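Okay, so here's the structure we're looking at.
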Protein chains: 2
Amino acid sequence: MQVRPLVHPKIEDVTVEGILHALSDPVRAAIFVEIAQGDCAKKCSEFLSIHERQIPKSTLSQHFKILREAGLIHSERNGVEMRNRTRCKELQKRFPGLVKAILNAHRIQQEGR
Amino acid sequence: MQVRPLVHPKIEDVTVEGILHALSDPVRAAIFVEIAQGDCAKKCSEFLSIHERQIPKSTLSQHFKILREAGLIHSERNGVEMRNRTRCKELQKRFPGLVKAILNAHRIQQEGR
DNA sequence: TTCAATAGTTCATAAGTTCCGAACAAAGGA
DNA sequence: TCCTTTGTTCGGAACTTATGAACTATTGAA
């Protein structure tokens, strides 16, 4: 086994399909919402438990990979852990209003429970 | 075999996940864009060919089912064919700006080709 | 009323994707 | 060096999606 380098697409290669697919999963959407809300980068292991659900770490690792390769987050290895932050500013330039509308819709849906 | 009645969720049961999943497929996104643009209801068979691609009709039928059950379109049997229109107005009330931002993002992506 | 044509659905299965435990890698500290 | 922590990779099971063949349902013509 060998650990491959992290893949971050160039902003012009980011697709709507990729973004929608990544955020159509409730766990990934919840992770992204949390990363977007916090003002400092989050590490992966903070999400081993989310919304009263335990996520195995191999699954979590895949979720981060999908968010990263969709262009939604930027991940950086920092010693033994990983710092994740959103690419909202770049995304806002490429697809104005998209990420904001999705986050807003998720908030509306949460509130109606 | 038996043909089951069409399922249209109540607008309050429509989820962001469902919408994003439905529109994360390029064929479904293209179908939805076309239905949204036209000012009259479209029938399914108009999409047997889309973006230079031939879609088998069983596949097309599944795509319409997914769009319908995600709450994105309303389908009505009209004689031998089906009339499909979007539920944009209701969706705009439930998740303001969401559908518009997605359609806009798809347009931006199309233009950059 | 019977037949054929048209539009779309269902079913079975093949192909593809996702989930998750076990083994691994990489970095830091004792 | 060895242990701990954090995250990745691998492989198989579980789930989802795509598609051809067979079907239903409606219409119109003979």
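These numbers were taken from a predicted model, which means no experiment stands behind them.
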Problem - Among dG7(D), dA18(D), dT24(D), the one nearest C44(A) by side-chain distance - result: dG7(D)

Handout entry: Nearest-angstrom distance from the residue atom CD1 of I55(B) to P of dA18(D)
Key = 9 Å

Problem - Sugar-phosphate, base or nothing in reach of V80(A), heavy atoms under 4.0 Å - result: base

Exercise for the section: Return the 5'-most residue of the pair R77(A), Q62(A) with respect to DNA chain C, ranking by each residue's nearest nucleotide. Expected result: Q62(A)

Fill in the blank from the handout: Comparing S58(A) with E81(A), nearest DNA chain D nucleotide closer to 5' gives the residue E81(A)

Problem - Between P of dT19(D) and CG of L48(B), the distance in whole Å - result: 12 Å

Practice task
Provide, to the nearest angstrom, the distance between the CD atom belonging to Q54(A) and the P atom belonging to dC19(C).
Solution key: 16 Å

Practice task
Consider the side chain of S45(A), meaning its heavy atoms from C-beta on, and name the nucleotide among dG7(D), dT9(D), dG8(C) that approaches it most closely.
Solution key: dG7(D)

Problem - Euclidean distance, atom NE2 of residue H63(A) to atom P of dG7(D) [Å, nearest integer] - result: 15 Å

Handout entry: Protein-nucleotide distance (E69(B), atom CD; dT9(C), atom P), rounded to Å
Key = 11 Å

Problem - dT18(C) OP1/OP2 closer than 4.0 Å to side-chain N/O of H21(A) - result: yes

Practice task
Give a yes/no on whether any side-chain N or O of T59(B) is located under 4.0 angstrom from OP1 or OP2 of dA18(D).
Solution key: no

Exercise for the section: Just call it for K65(A): base, sugar-phosphate, or nothing, with non-hydrogen atoms closer than 4.0 Å on any strand. Expected result: nothing

Exercise for the section: May I ask you to evaluate whether K57(A) reaches the phosphate of dC20(C), defined as a side-chain N or O under 4.0 Å from OP1 or OP2? Expected result: no

Exercise for the section: Answer yes or no: is there a side-chain heavy-atom contact under 4.5 Å between H21(A) and H21(B)? Expected result: no

Practice task
Provide, to the nearest angstrom, the distance between the CG atom belonging to L60(A) and the P atom belonging to dG21(C).
Solution key: 13 Å

Problem - Nucleotide dC15(D), atom C1' - distance to CD1 of I66(B) in whole Å - result: 14 Å

Problem - Pair E90(A) + R94(A): basic N to acidic O under 4.0 Å - result: no

Practice task
Could you walk me through whether E81(A) and K43(A) pass salt bridge (Lys or Arg N to Asp or Glu O under 4.0 Å), step by step?
Solution key: CA-CA 7 Å; E81(A) 67 196 32; K43(A) 51 184 194 162; 3.5 Å; yes

Problem - Side-chain heavy-atom pair I108(B), V16(A) within 4.5 angstrom cut-off - result: no

Exercise for the section: May I ask you to decide if the ring planes of H74(B) and H8(B) are parallel, tilted or perpendicular, using 30° and 60° as cut-offs? Expected result: parallel

Fill in the blank from the handout: Separation of dA18(D) atom P from F64(B) atom CZ, nearest Å, is 14 Å

Exercise for the section: Considering just the side-chain nitrogens and oxygens of R4(A), establish if one lies under 4.0 Å of OP1 or OP2 belonging to dT9(D). Expected result: yes

